[in-house]
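One structure is given here, and the rest of the page talks about it.
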Amino acid sequence: MEPLEEREAKVAVWLKKIFGDHPIPQYEVNPRTTEILHHLSERNRVRDRDVYLVIEDLKQKASEYESEAKYLQDLLMESVNFSPANLSSTSSRYLNALVDSAMALETKDTSLASFIPAVNDLTSDLFRTKSKSEAIKIELEKLEKNLTATLVLEKCLQEDLKKAELHLSAERAKVDNRRQNMDFLKAKSEEFRFRIKAAEEQLSARGMDASLSHQSLVALSEKLAKLKQQTIPLKKKLESYLDLMPNPSLAKVKIEEAKRELDSIEAELTRRVDMMEL
């Protein structure tokens, strides 16, 4: 491995060669930057060598082509005393067109035996290209139809999405309204429960009978409703007795008993109702 000082020197020479008369940009000189620049200089040197070899090869080929062209020109002059300089302008254009055609078809020479296979190959390529073009055109038409259908479907989906969003917004508004109502009812329920409890505590402090509490009154109301139901058959039974030909004294006693029982129930019912209204 080369010493660090030697690498720094090579890097400095390479940078001077790259920038020429322009000033070299300032950079921090340390082992890391030196290593990177040295690596770049080596790659640049290898690339320059490869480019030089390619250039030399092209120069050699150009020299060979010039020698072959001079040989062919001398051969034409010796055999038929023909020189491109002696051609008319029309002949020169034809000759140039022939050369350009040979170069375009990549034939080895300008003979008919070289042109015919090249033209046939070019025609075959043209037919293949046309076939591919037709296939691509058909595929493109299919893609256009699919794209149109996709765009229509996308538009329908967007409209459905807008409708769904509007419906969802309305439902959210309803849910929010119901939630607010529920919160309001809950608050009122808590308020009423607190007020009932406070009233019961206040009445209890004043010596109110526990039987007059809200729960007791509700239970009494239910019991009262049951008693009313129970009086219905008694009234019907009483009416059946009234339709008979009773023993006057016994019937009178039974009627008085039934009336007293009915009056007692109605009085109790009235008392309970009055207490509930209080």
Side-chain angles (χ1 to χ4, degrees), residues 1-76 84-85 92-111 113-148 150-151 153-154 157-158:
M1 187 174 181
E2 297 177 348
L4 181 60
E5 293 78 5
E6 186 175 349
R7 290 190 177 188
E8 291 177 355
K10 288 184 177 181
V11 167
V13 172
W14 175 68
L15 290 175
K16 186 176 181 180
K17 178 181 177 182
I18 292 296
F19 289 97
D21 297 334
H22 298 283
I24 299 174
Q26 297 293 327
Y27 66 94
E28 183 180 355
V29 180
N30 55 47
R32 176 62 178 169
T33 56
T34 301
E35 179 68 23
I36 294 172
L37 293 174
H38 181 265
H39 178 70
L40 291 176
S41 66
E42 289 295 320
R43 292 190 62 180
N44 184 262
R45 183 179 60 82
V46 173
R47 187 193 62 182
D48 291 344
R49 183 190 61 190
D50 294 339
V51 171
Y52 174 77
L53 293 176
V54 171
I55 292 173
E56 291 298 322
D57 182 65
L58 292 176
K59 286 182 179 179
Q60 183 178 357
K61 287 182 179 180
S63 178
E64 292 176 358
Y65 291 153
E66 289 176 358
S67 299
E68 185 176 0
K70 187 174 183 306
Y71 169 75
L72 293 176
Q73 185 176 358
D74 294 341
L75 182 62
L76 287 173
S92 297
R93 288 197 301 271
Y94 289 158
L95 181 61
N96 292 331
L98 185 63
V99 172
D100 293 338
S101 299
M103 294 180 65
L105 295 174
E106 297 181 354
T107 59
K108 64 180 180 179
D109 51 37
T110 58
S111 64
S114 297
F115 271 111
I116 291 176
V119 172
N120 290 336
D121 292 340
L122 188 62
T123 304
S124 298
D125 292 340
L126 179 61
F127 284 137
R128 284 194 296 269
T129 303
K130 285 183 177 180
S131 299
K132 290 181 180 180
S133 177
E134 291 295 329
I136 293 172
K137 185 178 179 181
I138 294 173
E139 187 68 22
L140 182 60
E141 291 176 354
K142 291 180 180 179
L143 291 175
E144 288 178 351
K145 292 180 180 179
N146 293 334
L147 179 60
T148 303
T150 303
L151 292 175
L153 179 59
E154 182 182 2
L157 290 175
Q158 288 178 352

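Heavy-atom basis, side chains included; hydrogens, waters and symmetry copies ignored. Everything quoted here is computed from the prediction, not taken from an experiment.
Partners of Glu144 under the side chain to side chain contact (heavy atoms under 4.5 Å, CB included) rule, at least two apart in sequence or in another chain, are Leu140. Applying the salt bridge (charged side-chain N to carboxylate O under 4.0 Å, His left out) test to Asp57 and every residue at least two apart in sequence or in another chain returns Lys61. A search for side chain to side chain contact (heavy atoms under 4.5 Å, CB included) contacts involving Glu56 returns Tyr52, Lys59, not counting sequence neighbours.
A 4.5 Å side-chain heavy-atom check between Arg7 and Glu35 finds at least one atom pair inside the cut-off. Side-chain contact check for Asp50 versus Arg47: every heavy-atom pair is 4.5 Å or farther apart. Taking 4.5 Å as the limit, every side-chain heavy atom of Lys10 sits out of range of all side-chain heavy atoms of Val13. Here the side chains of Lys145 and Lys142 are not in contact, with every heavy-atom distance at 4.5 Å or above.
Atom CG of Asn146 sits about 11.5 Å away from atom CG of Leu153, to the nearest 0.5 Å. We find the CG-CG distance between Leu53 and Asp48 to be 11.0 Å, quoted to the nearest 0.5 Å. To the nearest 0.5 angstrom, Leu147 atom CG is 14.0 Å from Glu141 atom CD. Separating the CD1 atom in Ile36 from the CG atom in Asn30 is a distance of 8.5 Å, to the nearest 0.5 Å. Taken to the nearest 0.5 Å, the CG atom of Leu58 stands 12.5 Å off from the OG atom of Ser63. Taken to the nearest 0.5 Å, the CG atom of Leu40 stands 9.5 Å off from the CG atom of Leu15.
Side chain of Thr34 to backbone of Pro31: no donor-acceptor contact under 3.5 angstrom is found. Judged purely by atom type and a 3.5 angstrom limit, Ser133 has no side-chain atom pairing as donor or acceptor with the backbone of Thr129.
Using modelled atom types and a 3.5 Å distance limit, the side chains of Asn120 and Thr123 yield no donor-acceptor pair.
Considering every non-hydrogen atom in both Trp14 and Leu37, the closest pair reads CZ3-O, 4.0 Å.
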- Could you please spell out the steps behind the salt bridge (Lys or Arg N to Asp or Glu O under 4.0 Å) verdict for Glu42 and Arg45? CA-CA 5 Å; Glu42 289 295 320; Arg45 183 179 60 82; 2.8 Å; yes

